[in-house]
Amino acid sequence: MNKENLIQYIYSIADNSLILGQRMSELCGHGPSLETDIACTNMALDLLGQTRSYYQYVATLLGEGKTEDDVAYLRTEREYKNVLLVEQPNTHFGYVIARQFFYDTFHLLLLEKLQFSTDETLAAIAKKGIKEVSYHKRFSSDWIKRLGDGTAESHQKIQEAITDLWAYTGELFDMLPEDQEAVEAGIGVDVTTLKEKYQEQIKNVLDEATLSVPELQWFQRGGKQGIHSEHMGFLLADLQYMQRTYPNMKW
Amino acid sequence: MSEKEIKSLEEIFEQRIARDEKIEPKDWMPEKYRKTHIRQISQHAHSEIVGMLPEGNWITRAPSLRRKVALLAKVQDEAGHGLYLYSACETLGISRDELYEQLHTGKAKYSSIFNYPTLTWADIGAIGWLVDGAAIINQVPLCNTSYGPYARAMVRVCKEESFHQRQGYEIMLKLAKGTPEQKAMAQDALNRWWWPSLMMFGPTDAESVHTAQSMKWKLKRKTNDELRQQFIDQTIPQAELIGLTVPDPDLKWNEERKSYDFGPIDWDEFWRVVKGHGPCNKQRLSARVNAWNNGEWVRDAAMAYAEKQQDKKTKKAV
């Protein structure tokens, strides 16, 4: 597959880790308890670590002395390929957990397939990520159960988050032309094949948590094409602040 | 217990400390020893937790991925320090919730340095270099303090702090060797953090109320002024090495003392910040109170869920 499309394919995976990592890192120091604060920071660290591996790979593909930071910081909003789900704000801890749970469940299924990619670098990153993401999924699933089957207030709050964020999960299974090309080259994962398992796993956890799976007529999409929600610009304004204000400097 | 019996217990206790024996949670200890330790350890724990805020302020804006990850990990270490210091404090018969309550109501203090704002990326370097540097000088002697759980917690804390200090200095080094804007940013941060860092060692010996007792219990090995001098002597060459200048016109090497003489510290500012009028006292405290209040429903849910799970287990067993 050609280099430009391979890079686009990597963005569609890696940008999720960057943007979710950035969202999780906003919480550091503000968590509901010291223990959850530390756990959320751990997940942010894992996600940003994965991001760096992917972007270092992209930088070598780009050549011309590009670095992971050029890739992370110097694209315009339309050039980020993350799904809408991961850019959604930390409205309250229920949203943090629901967003994480929806993404972790997908993420693990994805990496379990990506580890067999014919692209050795991607396969290695995926293999390393599986351990981390299994932990994330356990953490977020456990919290879904605690909040769902905790108090009346927590039940209502987590159900609200689940219902709101569910609309952003459909996009996870969309295939773009470069995704299709990556699948045909043996490099990428056909995400449409993950959907059934995903929905089953989500349903099992929600059932155990006494929560209901939202019934929806319409799923929001666009992130994968770089058409983001209004939250994204503010997230990038923070993320890119230093690189944009002080261009071409080393930190 | 008669007064005489207490007196003899106290004597045995002081002798144990003099012999460098560790005092453990179940050992008898004078009430004043317990209270002093609760005050100091909790103040230390609170400082770690409040200290997460000024640095946390730059996590989302860190200039590179490498710096972002390092800063996140550093702030997370501070949460970890808070965790084991609160645990050490709990062994003295007070709960974490009570300790939080003292922080949130303003009854307990935390290090005043965290009431200053972090305005540029260079502040993250300055905090690591100066604030963690000063903290290490204050804390290393505590690895041998008399209360066992505190001493053991401090061994871990100090190891990580010295890593943070090197990391902070490395941020400053990079800026100082960078473009004129970067160098100016570094110098500006040093200008703003230098005096507050010197204040971290507390009032001068003549004004310090707890020193004598704390020395006896090995909560302190050197006086505030001795530690402050040690910090200055250690830090000036580091500043010179990277071409930055400490904002003190009176600073001068004293050949006779083999130490630096330095200008007067603005103790009015120190007491003003301690009393709550620093630039960020209100913001820091309300950030902690908000996190706690907003998290209440989450903690309640975890508790309720755990109880339900326990009930299920008990029913199964029956």
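Numbered from 1 within each chain, the chains take letters A, B, ... in sequence-line order.
For B/Arg288, the part lying near chain A is the side chain, with the backbone staying farther off; criterion is any non-hydrogen pair under 4.5 Å. Using a 4.5 Å cut-off between heavy atoms, A/Tyr73 contacts chain B through its side chain alone, with no backbone atom that close. Using a 4.5 Å cut-off between heavy atoms, B/Ala306 makes no contact with chain A at all. Proximity to chain A is limited to the side chain of B/Arg67, based on heavy atoms less than 4.5 angstrom apart. The parts of B/Leu83 that come within reach of chain A are both its backbone and its side chain, each placing non-hydrogen atoms under 4.5 angstrom from that chain. Interface residue A/Asp238: backbone and side-chain heavy atoms are both found under 4.5 Å from chain B. With a 4.5 angstrom heavy-atom cutoff, B/Leu65 touches chain A via backbone and side-chain atoms both. Residue contact with chain A, scored on non-hydrogen atoms closer than 4.5 Å, involves the side chain of B/Met185 exclusively. Contact of A/Lys145 with chain B is made through backbone and side chain together, with heavy-atom distances under 4.5 Å. For chain B, the nearby parts of A/Asn42 are the backbone and the side chain; heavy atoms of each come within less than 4.5 Å. Contacts between A/Gln243 and chain B at a heavy-atom distance below 4.5 Å involve the side chain alone, from C-beta outward. In this structure, the portion of B/Ile49 lying under 4.5 Å from any heavy atom of chain A is its side chain and not its backbone. Of the two parts of B/Asn294, neither the backbone nor the side chain holds a non-hydrogen atom closer than 4.5 Å to a non-hydrogen atom of chain A. Contact of B/Lys68 with chain A is made through the side chain alone, with heavy-atom distances under 4.5 Å. Heavy-atom distances place no part of A/Leu235 under 4.5 Å from chain B, backbone and side chain included.
Among A/Leu48, A/Leu27, A/Leu45, the residue making the largest number of heavy-atom pairs under 4.5 Å with chain B is A/Leu45. Contact tally against chain A (heavy-atom pairs below 4.5 Å) for B/Ala73, B/Pro63, B/Ala79: the top residue is B/Pro63. Counting heavy-atom pairs closer than 4.5 Å to chain A, the top residue among B/Ser64, B/Ala302, B/Ala291, B/Ala304 is B/Ser64. Counting heavy-atom pairs under 4.5 Å between each of A/Glu26, A/Lys250, A/Met249, A/Glu153 and chain B puts A/Met249 at the top. Of the listed residues B/Thr60, B/Thr179, B/Val50, B/Val298, the one with more heavy-atom pairs under 4.5 angstrom with chain A than any other is B/Thr60. Contact count versus chain B (heavy atoms, under 4.5 Å) is highest, among A/His92, A/Glu35, A/His155, A/Gln240, for A/Glu35. Your options are B/Trp297, B/Tyr100, B/Tyr86, B/Trp292, and the one with the most heavy-atom pairs under 4.5 Å with chain A is B/Trp297. Between chain A and the residues B/Gln182, B/Glu296, B/Glu307, B/Lys174, the most heavy-atom pairs under 4.5 angstrom are made by B/Gln182. Note: A/Leu34 leads A/Thr151, A/Leu34, A/Thr36 in heavy-atom pairs under 4.5 Å with chain B.
B/His46 has its side chain out of reach of B/Leu85: every pair of non-hydrogen atoms, C-beta onward, lies at least 4.5 Å apart.
Other residues, nucleotides and ligands contribute at most 12 non-hydrogen atoms within 6.0 Å of the NZ atom of B/Lys282. Within 6.0 Å of atom OH in A/Tyr135, more than 12 heavy atoms from other residues, nucleotides or ligands are found, so the atom counts as buried in its surroundings.
Side chains of B/Asn191 and B/Gln187: a donor-acceptor N/O pair is present below 3.5 angstrom, by distance only. Defined by atom type and a distance below 3.5 Å, a donor-acceptor pair is present between the side-chain atoms of A/Thr163 and A/Gln159.
Within the 3.5 Å criterion, the main-chain N or O of A/Ser140 finds no donor-acceptor partner in the side chain of A/Gln100. With A/Arg23 contributing its side chain and A/Glu87 its backbone, the two residues share a donor-acceptor pair below 3.5 Å. Checked by atom type and distance alone, the side chain of B/His104 never pairs as donor or acceptor with a backbone atom of B/Asn290 at under 3.5 Å. Checking side-chain atoms of A/Asp164 against main-chain N and O of A/Ala161 turns up no donor-acceptor pair under 3.5 Å.
The cationic atom of B/Arg192 (NZ for Lys, CZ for Arg) does not lie both less than 6.0 Å from the six-membered ring centre of B/Tyr116 and within 45° of the ring axis.
Between B/Glu160 and the options B/Gln165, B/His81, B/Lys74, a side chain to side chain donor-acceptor pair (under 3.5 Å) holds for only B/His81.
The aromatic rings of A/Tyr241 and B/Trp58 sit tilted, their planes meeting at an angle between 30° and 60°.
Under 4.0 Å is where a charged nitrogen must lie from a carboxylate oxygen, and between A/Arg75 and A/Asp15 at least one such pair does.
In this structure, CH2 in A/Trp251 is found 9.0 Å from CH2 in B/Trp121, a value given to the nearest 0.5 Å.
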